[in-house]
Amino acid sequence: MTQLPDYTALISQASAARELAYCPYSHFAVGAAVLTASGRVFHGCNIENAAYSATVCAERAALFSAYAAGEREIVALAVIADTPGPVSPCGVCRQVIHELAASCTVALANTRGDLRLWTPQELLPGGFMPEDMPKS
């Protein structure tokens, strides 16, 4: 029997990552933590740029860090921000989560202690996947 991730601990790690956010324009700090099958945790925070298209969201920062370290099996992703309800990933992050962490559990939280668990497919029904690309 597979043991469920400790979502409270993962949210706590995401909260610590949130403290490192660089968000001088939006003032909207977001933190994320990715748990891999090997037990490693990778952190991410949003990093803004005056050229907004160069901004990176916390979810992508954490997932990209895990992938850059060679980790491909993502078990869980936790995201936290100061929002009225559990934070909602942007559309770009939903697509990245759908492709890079298709079988993980996504734990969305806020700083008030609200938490909701999702699958990537619930966050992005009908998301675009590599198999949708034509083969040459």
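Heavy-atom basis, side chains included; hydrogens, waters and symmetry copies ignored.
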| query | Applying salt bridge (Lys or Arg N to Asp or Glu O under 4.0 Å), which residue pairs with at least one partner in residues 8-19 are found, sequence neighbours left out? | reply | none
| message | Determine whether a donor-acceptor pair (N or O, by modelled atom type, separation under 3.5 Å) exists between the side chain of Arg94 and the backbone of Leu124. | response | no
| Between Met133 and Phe128, is any pair of side-chain heavy atoms under 4.5 Å apart? | yes
| request: Answer yes or no: is there a side-chain heavy-atom contact under 4.5 Å between Val106 and Pro120? | output: yes
| Closest non-hydrogen atom pair between Leu100 and Ile74, with its separation | O-CG1, 3.8 Å
| Set of side-chain contact (heavy atoms from CB on, under 4.5 Å) partners for Leu117, sequence neighbours left out | Tyr7, Thr105, Ala107, Leu115
| query | Under 3.5 Å, side chain of Asn46 to main-chain N/O of Phe28, donor-acceptor pair present? | reply | yes
| field | Ala61 backbone acceptor or donor facing Ser65 side chain under 3.5 Å | value | yes
| task | Grab the two heavy atoms, one from Ile11 and one from Ala109, that are nearest each other, plus how far apart they are. | result | CD1-CB, 3.5 Å
| task | Taking all non-hydrogen atoms of both residues into account, name the closest pair between Ala14 and Ala78 and its distance. | result | CB-O, 3.8 Å
| Listed by chain and number, what are the side-chain contact (heavy atoms from CB on, under 4.5 Å) partners of Ala58, not counting sequence neighbours? | Val30, Ala32
| message | Under the salt bridge (Lys or Arg N to Asp or Glu O under 4.0 Å) definition, can you give me all pairs with a residue in residues 112-136, not counting sequence neighbours? | response | Asp82-Arg112
| note | Here the pair of heavy atoms bringing Leu63 nearest to Leu77 is CD1-CD2, 4.4 Å
| remark: Ala102 and Gln121 have their tightest heavy-atom pair at O-NE2, 3.0 Å
| request: Write out all pairs satisfying side chain to side chain donor-acceptor pair (under 3.5 Å) with one or both partners inside residues 23-44, taking only residues at least two apart or from two chains. | output: Gln13-His43, Ser26-Glu48, Thr36-Ser38, Thr36-Glu71, Ser38-Glu71
| query | Got a sec, which pairs hit salt bridge (Lys or Arg N to Asp or Glu O under 4.0 Å) with one end in residues 21-39, sequence neighbours left out? | reply | none
